[in-house]
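Because the structure is predicted, anything quoted here is derived from the model rather than measured.
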Amino acid sequence: MDTESWKFLRSVCLLSFLLGSCFVYQSLRVVVAQDEGTEPAVTLQVNASNGAGRLIPETLFGIFFEEINHAGAGFEAGGQNTPSNIWPWSIVGDHSSIYVATDRSSCFERNKIALRMDVLCGNKGCPPGGVGVYNPGYWGMNIEEGKKYKVALYVRSTGDIDMSVSLASSNGSLTLASEKIIASASDVSKWTKKEVVLEAKGTDHGARLQLTTTKKGSIWIDQVSAMPVDTYKGHGFRNDLYQMMSDIKPRFIRFPGGCFVEGEWLSNAFRWKETVGPWEERPGHFGDVWKYWTDDGLGHFEFFQLAEDIGAAPIWVFNNGISHNDEVETATIMPFVQEALDGIEFARGDANSTWGSVRAAMGREEPFELKYVAIGNEDCGKTYYRGNYIVFYDAIKKAYPDIKIISNCDGSSRPLDHPAEYYDFHIYTSASNLFSMYHQFDRTSRKGPKAFVSEYAVTGKDAGKGSLLAALAEAAFLIGLEKNSDIVEMASYAPLFVNTNDRRWNPDAIVFNSSHLYGTPSYWVQRFFAESSGSTLLTSTLKGNSSSLVASAITWKNNEQDYIRIKAVNFGATSVNMKVLVTGLDPNVMKVSGSKKTVLTSTNVMDENSFTQPEKVAPHESLLEMAEEDLTVILPPHSFSSFDLLKESAKIRMTVSDSSSTL
């Protein structure tokens, strides 16, 4: 605007004020285009009139938590077989002063392996710091100065014990915290639980736990646990990991798998009854799909507890008698059916029921709210799936008619041949293919069961370990699901977590080690949809050359304020000017004004985040200003943008000189 025009406008404003007239002027214009003379290449028309929108299901976006990549598993040395080595324990001292082995002497019938230390040196012959064993935990424990850590273990000895329980630096040279366990032979002649709380006097992100002594004799130890005192609600979950998960605002959590539920062989499938009760009594199992042993400390109970903590509906996936390599025939499937019914009773039964009483004994009298179950995972093509499915379906509906059941068979292109409330849809593909699948559900029949897109992601060379390119294709796909949310009621990315020391799958949403974490671009895309579940989808249409663009509009309420959110993916290599036209609002009653814009992009489409650059590809927020009835924005190349507009009552606003007031 030139100087003369500004002087003229200011004069009009002043004159209007003096005459008492109702001159309405809204200051803008941060037109976000590079060149004010450039005509918008595309126009997004949004109908915001009352009654024109469609409610999005409350459950649309959630998370899928599978035990993969050491996402939640604890270590168990050797499982049920007596191991030939003591990994992950190592010796403090040398073989002339201590001998360490394992045996089957534990007091826990379902977890018989214990560690035996024969201390060969005495008070005068042992090194000053003693001899014993140490354990690095998850590739190093994150010990921070001033924080407290609880160590619990079971111990037995043939004599008196005087053992130091310590947190030490990664090489053992520095003691960060230490407490003594002292007991007479009579006190520890049988297995006895001991607990100490250690307060760290220093910080080491790769610390280790040490158990040492200078007293000669034999000591058995078992079921050793070291945990921060400060976990989310005291339930054992790392606060920072929980917060990253919570910030997605998931409306459901699908668990515990995935292929983890099936197993390569049924003998190694996840069986929920082995994962409840005291942690020490859980036998653990070898997850033969992802090739590591899990102690099942994150078990059936803990998943339900996590769902409640995060405010998400639990979706339990159970084995239906089928693994990757073997199957149970339908004629003999009833033991698996009963196991599923018992698992539901564990969650929903009263405290006096058979399995509800097990839950109550774990400290939870009130039932959990369980409304959804999935019969198997990716098993539709197996020989006995349909037969087995019907037996499960009938038994569950008879006992729990309100539970909604999810089939493994895809019903998006043809009707299912069996009853279900939902069908499962999984897609792992290239970026270009997923981008084109924005229209995947456009022509899906609206009759019959709803779709549950429980696993989606860009994989392969387009994805790397989590690229911007992958995230943009996923964003477009999610906008398509949002627009088709009359048939798609739930969707979740996979996998959720990866411990960077044990990658079994690429990419993942949240990457962590013992002390740090970051979100991949795919994680940040999910944050853009945090307000979508339960909001209202507005009818929107892109006009112009939009082959590389996908856009949508929703409206939702936050703190009693009404907002419109425009989301747009530019999958192309050039920037695009987009004009947004919001229609259907009576200008005498309601108007929109700029609030916030958020942009996810980077200099290279294959850019990834890392521990050294955790937000190299992360959303950037800024204020959004707009002229009345005019929002023209630039969509940068290879970007995902959102624009939040505030819907507010029409007010009389005047501008005087360089300031504005509202009457």
Open item on the list: If the threshold is 4.0 Å, N to carboxylate O, is there a salt bridge linking Glu66 and Arg254?
Closed with: no
Task: Residues which pass side chain to side chain contact (heavy atoms under 4.5 Å, CB included) with Asn50, listed by chain and number, not counting sequence neighbours - done: none
Task: Residues that Thr541 engages under side chain to side chain contact (heavy atoms under 4.5 Å, CB included), provided they are two or more places apart - done: Lys543
Open item on the list: Looking at every heavy atom in both Ala494 and Ala457, which two are closest together, and how far apart are they?
Closed with: O-CB, 3.5 Å
- [ ] Quick one: list whatever passes ring-ring contact (aromatic ring centres under 6.0 Å, His included) with Phe452, sequence neighbours left out.
- [x] Phe252
Task: Neighbour count >12 (heavy atoms, 6.0 Å) for atom NZ, Lys447 - done: no
TODO: Looking only at non-hydrogen atoms, find the nearest pair between Asn69 and Arg504 and report the distance.
DONE: OD1-N, 2.6 Å
Open item on the list: Testing the basics here: between Ser575 and Asn570, what is the closest heavy-atom pair and its distance to 0.1 Å?
Closed with: CA-ND2, 4.0 Å
Open item on the list: Test your reading of the model: is there a side-chain donor-acceptor pair from Asn484 to the backbone of Gly480, 3.5 Å cut-off?
Closed with: yes
Open item on the list: Within the 4.5 Å heavy-atom criterion, are Phe643 and Arg565 side-chain neighbours or not?
Closed with: no
Open item on the list: Is it the case that the side chain of Thr598 and the backbone of Ser642 share a donor-acceptor pair, with hydrogens and angles ignored and the cut-off at 3.5 Å?
Closed with: no
Open item on the list: Which residues pass the disulfide (SG to SG under 2.5 Å) test with Cys259, not counting sequence neighbours?
Closed with: none
Task: Non-neighbouring partners of Phe65 that pass ring-ring contact (aromatic ring centres under 6.0 Å, His included), sequence neighbours left out - done: Phe303, Phe497
Open item on the list: So, using ring-ring contact (aromatic ring centres under 6.0 Å, His included) as the criterion, who are the partners of Tyr232 when residues are at least two apart?
Closed with: Tyr242
TODO: Can you run down the salt bridge (charged side-chain N to carboxylate O under 4.0 Å, His left out) pairs that involve residues 458-471, sequence neighbours left out, and say none if there aren't any?
DONE: none
Open item on the list: Less than 4.5 Å apart, side chain to side chain, heavy atoms only: is that true for Ser535 and Lys557?
Closed with: no
TODO: Write out all pairs satisfying salt bridge (charged side-chain N to carboxylate O under 4.0 Å, His left out) with one or both partners inside residues 45-65, taking only residues at least two apart or from two chains.
DONE: Glu58-Arg251
TODO: Compare every heavy atom of Ala509 with every heavy atom of Gln526, then report the nearest pair and how far apart it is.
DONE: NE2-CB, 3.9 Å
Task: Note: Arg503-Asp508 ion pair, threshold 4.0 Å (strictly below) - done: yes
Open item on the list: Run the side chain to side chain contact (heavy atoms under 4.5 Å, CB included) test against Thr444 and tell me which residues pass, sequence neighbours left out.
Closed with: Ser412, Tyr423, Phe441, Arg446, Ile487
Task: Set of residues satisfying ring-ring contact (aromatic ring centres under 6.0 Å, His included) with respect to Tyr456, sequence neighbours excluded - done: Phe477, Tyr493
Task: Student check: side-chain heavy atoms of Met245 and Leu306 closer than 4.5 Å - done: yes
- [ ] For residues 527-537, pull every pair meeting salt bridge (charged side-chain N to carboxylate O under 4.0 Å, His left out), keeping only residues two or more places apart or in separate chains.
- [x] Asp247-Arg527, Lys249-Glu531
- [ ] For Thr555, enumerate each residue passing the side chain to side chain contact (heavy atoms under 4.5 Å, CB included) test, keeping only those at least two apart in sequence or located in another chain.
- [x] Thr536, Leu538, Ile564, Lys647
- [ ] Might you point out which heavy atoms bring Ser595 and Tyr563 nearest each other, and give the distance in Å?
- [x] OG-CE2, 3.8 Å
Open item on the list: Tell me if the aromatic rings of His70 and Trp290 count as close, with their centers under 6.0 Å from one another.
Closed with: no
- [ ] Locate the shortest heavy-atom distance separating Pro495 from Trp505; write the atom from each residue and the value.
- [x] CD-CD1, 3.2 Å
